[in-house]
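As structure tokens, the structure follows; a few thoughts come after it.
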Amino acid sequence: MDKRSTFRTYNTQASAAVSIGTKKRRPWRLLTLIGFVCVMLVIFQFWIVDEYIAGLHIAPQQVKESCSHLIFHATGDKQIKDAKQMHSPDAAKDTSDDRCKVPRFDPKTKHPPYVSCKRVQPVPGSCDTARKLFLSKPKLLCPDQRELRICQIQNNNTSHGVSCTNNMCASDISLGLINPLDGTLAWSIYPDINDLENAVFDLLNKNASNGNYGFCYLKCKQTKDKKDGSQLLLIPQYFTQNTCDGSTCDDAININVIWLDSTSHSHFFRSLPKSVKTLRNTKEKKLAHVFNYDLMQSMKGATLNNTIMFTLGNLKAKTGIGKIFNLFHNGGYYVTWIDDLCWTSMMKESRRSGLGRFFGINKEEKNTSKAWKNLLEKLKLKGVNQIALSTANCEILKSNGLLTPFQNEVAGKPICYNGKYHADYILSYLESLQKQLTTCKRPFFNYLDFNVGHDFSGLRIQTLDERLAKFINFLNNQSNTFTFMFGDHGLRYGKFLETAEGKVEMGHPVCFIHASKNLEEKLGKDKMESLRLNQDRLIDIVDLRQTLFTFSPDDDNSIFEIDKQYDTHPNGLFHPIDPKRSCSSLGIRLEGSKCICSSEGRTSHIMSNDTRVKVLADFALGEINNILQDQFVSANKESGSGFGSCERLVGKWIDNVMESYNHNIMVIEMNLHLPGKLPTPEKDEIFFVSVQVTSNSQDGPSLVLAHYERTSIPDIYIWCVR
């Protein structure tokens, strides 16, 4: 039998999920018996899948829990009872929230009947579950509510000033600035407060190219408790006047891209009520144009892949930002990248994230000076003028005991500095930057990569609400500015993702567009009408990309080769999307994500103890184990087989099984529960899998593991790779 055969691993002890080709000698009689049993099992399993396909439109019959040889089984009476209750008719009725609906930006409107895609409706009770997980806990507050103020920037219409005081300090004050040679903080001590004031004032006549990254750090021992205290002071940057020829820059429209990682449509509405209220108020009072796209379809489950899709259009690329920044830079725009990650985390293999990952810096580089030089070269090559406040993040995360905000130990906790949320500094800086560039008549392209929503608890994004609402009001007073604000997927981890609605939300990110009031005249009525029409039509991140490209003076308005074969218009959302558009018309762009349209989405629950489901679960786990083994063998060719430091994955039980159909393809989605490992053996490891079953009259059924994703928290195992 082929070692990689799909149905090769069933045994009476429910242990192995993949054959690794061991060569132990056994008596010939025992081998004969084992061979006979394996053949009979393969025949039995193919018969089951054939029966499954033959009855695609027949409700699956409940089978007795008699197939104990299968890998996946209930490991106790309680789990059997829980699994049966989860999928019983009574379970669906036992809820106080049968009318749970997907929120609409304008509650008075209804989804147009002529639009084919209609969002999968939440499972009854899912809103109750979401409220218990996300809205039943106290507001996340910064632990130190008293803000240390050593220096302040004094602003007026024509100039800036600086005032500093040492009244709150019991020691000399240290000033921290970014070292241009290695991108890290360099500290200088100032015993005299006047000298400190002069040093900060000198920064006002500079920008990132000559030492002012938009901030400085100040620290001292505080008089109240003699503990170390510090202040992050935002400093306005100096820019020269518009250098564009002719009227190019006068006609240019300023662009903001605000990327909200791990933020679904519904989670935005439930977690950011002040921002939603401000957006609604903006639209009602016509302070600006606001559009909410309630059928935004996620492309991929990972931000890096979606970012590449948005900026490059290459589905196979593993890293690197595409042409998007150069298009605007070459067109006379001042281009800024801002994020909330530490740029040096790219040198830590286990925590690689942020600028290094997106711009393709070698993660093996351990020399900070070389890594910084490499990063600056990549930024220049891609057309990014500055990363500015992004260089302040390392100190903020360090003060919270973090290298990245993704770590499980801070799940559900705010990330703060000197009594303020991390996000407050970023949006305050973004406002200041836009004011300066507007004053100097410099068109800008700001790209903000926000990871505040990438939190295992799903709670931290609430700390963004108040400051984001203020930023929206700031935008209402700006002219000539077009802002994209969207997520690339929903929550990827946590309890909610284990629910059926959580999986749908992961494929349904939020998407807003805010356009200054004067842009209707500049863009024209046709484009504005298309923006309005497309609010209720199926869109994705490629449509946003094409919309963005229309603003670039240096673009020929073309689309990437990969998108020509699919339903993509060069003008993106500035052209009416086909109301009959479906997930299937998006093609391979959608691989690895779940369709949010009910006509193509999940249609029914299946009993998790159905034998046919267990066959597909075992197939999926076997394929994942094959991937693990292939990774090990490719890196250790002399071994021939095995898993190295990893372990074979072994199934425990199954839940949240759902089936859907698309022509002759049946899709089964489910959670695979695996035994937990140290340091938390009591917690199951959970993988979400999607298996496609295709009927073929000649060759029998065809099985494909279309998608798999670990939904349990991986951070607890970081110790084993250090």
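Along the sequence shown, residues carry numbers from 1.
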For Y429, enumerate each residue passing the ring-ring contact (aromatic ring centres under 6.0 Å, His included) test, keeping only those at least two apart in sequence or located in another chain.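 With neighbours one apart ignored, the set is empty.
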Who pairs with F450 by ring-ring contact (aromatic ring centres under 6.0 Å, His included), at least two apart in sequence or on another chain?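 F450 satisfies ring-ring contact (aromatic ring centres under 6.0 Å, His included) with no residue once adjacent residues are dropped.
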Determine whether the aromatic ring centres of F105 and Y293 lie less than 6.0 Å apart.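 No.
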Between Y334 and F239, is the ring centre distance below 6.0 Å?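 Ring-ring flag for Y334/F239: true, centres closer than 6.0 Å.
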Might you point out which heavy atoms bring [X] and [Y] nearest each other, and give the distance in Å?
| X | Y | value |
| --- | --- | --- |
| P112 | K118 | O-NZ, 4.3 Å |
| L204 | I153 | CD2-CD1, 4.4 Å |
| S457 | F134 | O-CE2, 3.3 Å |
| P103 | H265 | O-NE2, 2.7 Å |

In terms of heavy-atom contacts, does [atom1] of [X] have more than 12 from other residues, nucleotides or ligands at under 6.0 Å?
| X | atom1 | answer |
| --- | --- | --- |
| Q154 | CD | yes |
| D526 | CG | no |
| K470 | NZ | no |
| E431 | CD | yes |

Between [Y] and [X], is the closest basic N to carboxylate O distance under 4.0 Å?
| X | Y | result |
| --- | --- | --- |
| E529 | R532 | yes |
| D543 | R537 | no |
| K277 | E284 | no |
| R104 | D294 | yes |

Polar contact flag, side-chain donor to acceptor under 3.5 angstrom, Q434-N256: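 Yes, N256 and Q434 have a side-chain donor paired with an acceptor closer than 3.5 Å.
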Determine, for cysteines C583 and C595, whether their SG atoms are under 2.5 angstrom apart.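 Looking at C595 and C583, their sulfur gamma atoms lie closer than 2.5 Å, so the answer is yes.
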For F574, is the NZ or CZ atom of K527 found under 6.0 angstrom from the centre of its six-membered ring and inside 45 degrees of the ring axis?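 That pair qualifies as a cation-pi contact.
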Cation over ring, R460 on F406, under 6.0 Å and within 45°?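 Ring-cation test returns no.
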Compile the donor-acceptor pairs under 3.5 Å between side chains in residues 420-427 and protein atoms, sequence neighbours left out, one pair per line.
residue, atom, partner, partner atom, Å
Y421, OH, L140, O, 2.3
H422, NE2, N393, OD1, 2.9
Y425, OH, Y417, O, 2.7

Check the pair F551, F549 against ring-ring contact (aromatic ring centres under 6.0 Å, His included), reporting the backbone distance first and the verdict last. CA-CA 5 Å; F551 292 106; F549 281 178; over 10 Å; no
Would F512 and F291 count as a ring-ring contact (aromatic ring centres under 6.0 Å, His included) here? Give the steps. CA-CA 6 Å; F512 279 93; F291 307 94; over 10 Å; no
